[in-house]
Protein chains: 2
Amino acid sequence: MTEPRWLTPEQLCAWKKLIAVVELLPGTLESQLQRDSGLSHFEYFTLAMLSEAPDRTLRMTSLAAQTNATLARLSHVVTRLEKRGLVRREACAEDRRATNAILTPAGWTTVEAAAPGHVGTVLATVIDPLTDSDVADLDRVMGRILEVLDPSHIMVGLLPTDD
Amino acid sequence: MTEPRWLTPEQLCAWKKLIAVVELLPGTLESQLQRDSGLSHFEYFTLAMLSEAPDRTLRMTSLAAQTNATLARLSHVVTRLEKRGLVRREACAEDRRATNAILTPAGWTTVEAAAPGHVGTVLATVIDPLTDSDVADLDRVMGRILEVLDPSHIMVGLLPTDD
DNA sequence: GTACAGTAGTTGTAGCAACAACCAATCAAG
DNA sequence: CTTGATTGGTTGTTGCTACAACTACTGTAC
């Protein structure tokens, strides 16, 4: 085995901060959504993706890709959302293997109601502490990391538009 | 209800990238550690904290603080690590309510063996894609976000030193 | 048309984390 | 010393995710 590389003090310091954010941020978002809207972040995200889709409808496979989930995980989650009346399933006419997930009116109401609180949390925890130039740096640095983590750029559309 | 604030396009773009990193990075670290060392990231982190502590010993409460875990979660994890012979418990002499967690020799060997692979993954996914100036920006921006997420700076010591 | 590989999705199971209930030891007040 | 509050830690339950097995359908080759 070759002598392993190590991090410089500057790299270590930055790394520690990144890992701390990675550990703490999901919990913050999760608990706000859970408390204010009774949704996990993944559930919110799933509803949000559907709310932006044409006819508020997406194939399970494509919804799984947009939410960065496995089909199995998505299937379980959609089952729960279906039981709560926020989403319904429908057989796909063109390909009878396929299933469409459709946002119900109740689901639309739910995601519309949840969005402002969620965005408020994002603003408070991430955006407001940063200057415009910080935001630009964040964008650039995360972009470089993503080139490694997600070379095919599957993670794209997020958050619903307000309008 | 007041008109909710929204993100500017630049902010939204940076936010999307941050959230993508936050979603993808843990899985990458997790699977490397699981595959190469049979440890979850949290287990590795727990062992790493102990390996840096004086006498490789820490009170459960203080270990929980350093790993950003609840006492309940830590207790379960230490039980598992104890069954694997990587950690042992010992009643605390000064305060008989307290329990010390102690890294065993086998635990030390395990964390020493796991560290290079883990650090290699960190380098490959996060550090190497960045310039020195990117690293400095990352440090500054994450620092600002952490001021909100973790004002008391509990998350500090990480990763073992090589030596 | 039928055999076979690949695609779409569901479901069962096992393992881990969050939450809450719980026990034991300490500390402070009278 | 004994009551009550606090701290330190463990354990049981519940819910969610990963993994693997399975069904069902499609398309292609023969």
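Chain letters run A, B, ... following the sequence lines, proteins first, then strands; residues in each count from 1.
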**Student:** Mind checking side-chain hydrogen bond (donor to acceptor under 3.5 Å, both in side chains) for Ser133(A) and listing every partner two or more places apart, or none if nothing turns up?
**Tutor:** none
**Student:** Would you say Leu149(A) and Leu18(B) are hydrophobically clustered, going by side-chain heavy atoms of ILVMFWY under 4.5 Å?
**Tutor:** yes
**Student:** Would you list the pairs meeting side-chain hydrogen bond (donor to acceptor under 3.5 Å, both in side chains) in which at least one residue belongs to residues 97-109 of chain A, sequence neighbours left out?
**Tutor:** Asp95(A)-Arg97(A)
**Student:** List, with names and distances, any nitrogen or oxygen atoms from the protein found under 3.5 Å away from nitrogen or oxygen atoms belonging to nucleotides 2-6 of chain C.
**Tutor:**
unit_1, atom_1, unit_2, atom_2, d
dG6(C), N2, Arg97(A), NH1, 3.2

**Student:** Under 4.0 Å from any atom of DNA chain C, heavy atoms only: list the residues of residues 83-93 of chain B that qualify, in numerical order.
**Tutor:** none
**Student:** What are the two closest heavy atoms between Leu103(B) and Leu86(B), and how far apart are they?
**Tutor:** CD1-O, 3.5 Å
**Student:** Can you give one letter per nucleotide of nucleotides 15-21 of chain C, 5' to 3': B if a protein heavy atom sits under 4.0 Å from the base, S if only from the sugar-phosphate, - if neither?
**Tutor:** -SSSBB-
**Student:** State plainly whether one hydrophobic cluster holds both Val148(A) and Leu29(B), where clusters connect Ile, Leu, Val, Met, Phe, Trp and Tyr through side-chain heavy atoms under 4.5 angstrom apart.
**Tutor:** no
**Student:** With sequence neighbours left out, write down each residue that passes side-chain hydrogen bond (donor to acceptor under 3.5 Å, both in side chains) with Arg144(B), or none if nothing qualifies.
**Tutor:** Asp134(A)
**Student:** In whole angstroms, how far is the P atom of dC27(C) from the CD atom of Glu94(B)?
**Tutor:** 12 Å
**Student:** Of Asp95(A) and Thr79(A), whose closest DNA chain C nucleotide lies nearer the 5' terminus?
**Tutor:** Asp95(A)
**Student:** Measure the shortest side-chain to side-chain distance between Arg84(B) and Leu39(B) over non-hydrogen atoms and say whether it is less than 4.5 angstrom.
**Tutor:** yes
**Student:** Holding to side chain to side chain contact (heavy atoms under 4.5 Å, CB included), I want the full list of residues that pass it with Asp128(B), two or more places apart in sequence or in another chain.
**Tutor:** Arg5(A), Leu123(B)
**Student:** Provide the closest heavy-atom pair for Met49(B) versus Leu58(B) in the form atom of the first, atom of the second, distance.
**Tutor:** O-CD1, 4.0 Å
**Student:** Treating Ser51(A) as the side-chain partner and Ala48(A) as the backbone partner, does any N or O pair qualify as donor plus acceptor under 3.5 Å?
**Tutor:** yes
**Student:** Search all heavy atoms of Lys17(B) against all heavy atoms of Asp139(A) and return the closest pair with its distance.
**Tutor:** NZ-OD1, 2.9 Å
**Student:** Sequence neighbours excluded, which residues qualify as side-chain hydrogen bond (donor to acceptor under 3.5 Å, both in side chains) partners of Glu82(A)?
**Tutor:** Arg89(A)
**Student:** Base, sugar-phosphate, or nothing for Ser75(A), non-hydrogen atoms under 4.0 angstrom?
**Tutor:** base
**Student:** So which heavy atom on Thr57(B) is nearest to which on Ala53(B), and how close?
**Tutor:** O-CB, 3.5 Å
**Student:** Report the residues that fulfil side chain to side chain contact (heavy atoms under 4.5 Å, CB included) with Ser40(A), sequence neighbours left out, ordered by chain and then residue number.
**Tutor:** Glu30(A), Gln34(A), Phe42(A), Glu43(A)
**Student:** Once side-chain hydrogen bond (donor to acceptor under 3.5 Å, both in side chains) is applied, do any residues pair with Arg96(A), and if so which ones, sequence neighbours excluded?
**Tutor:** none
**Student:** Quick one, which residues of residues 31-39 of chain A touch DNA chain D with a heavy atom under 4.0 Å?
**Tutor:** none
**Student:** What is the first contacted nucleotide of DNA chain D and what is the last, in 5' to 3' order, if contact means an atom lying under 4.0 angstrom from a heavy atom of chain A?
**Tutor:** dC16(D) to dT26(D)
**Student:** Between P on dA8(C) and CE on Met60(A), what's the gap in Å once rounded to a whole number?
**Tutor:** 13 Å
**Student:** Distance check needed: dA25(C) P versus Asn100(B) CG, whole Å only.
**Tutor:** 16 Å
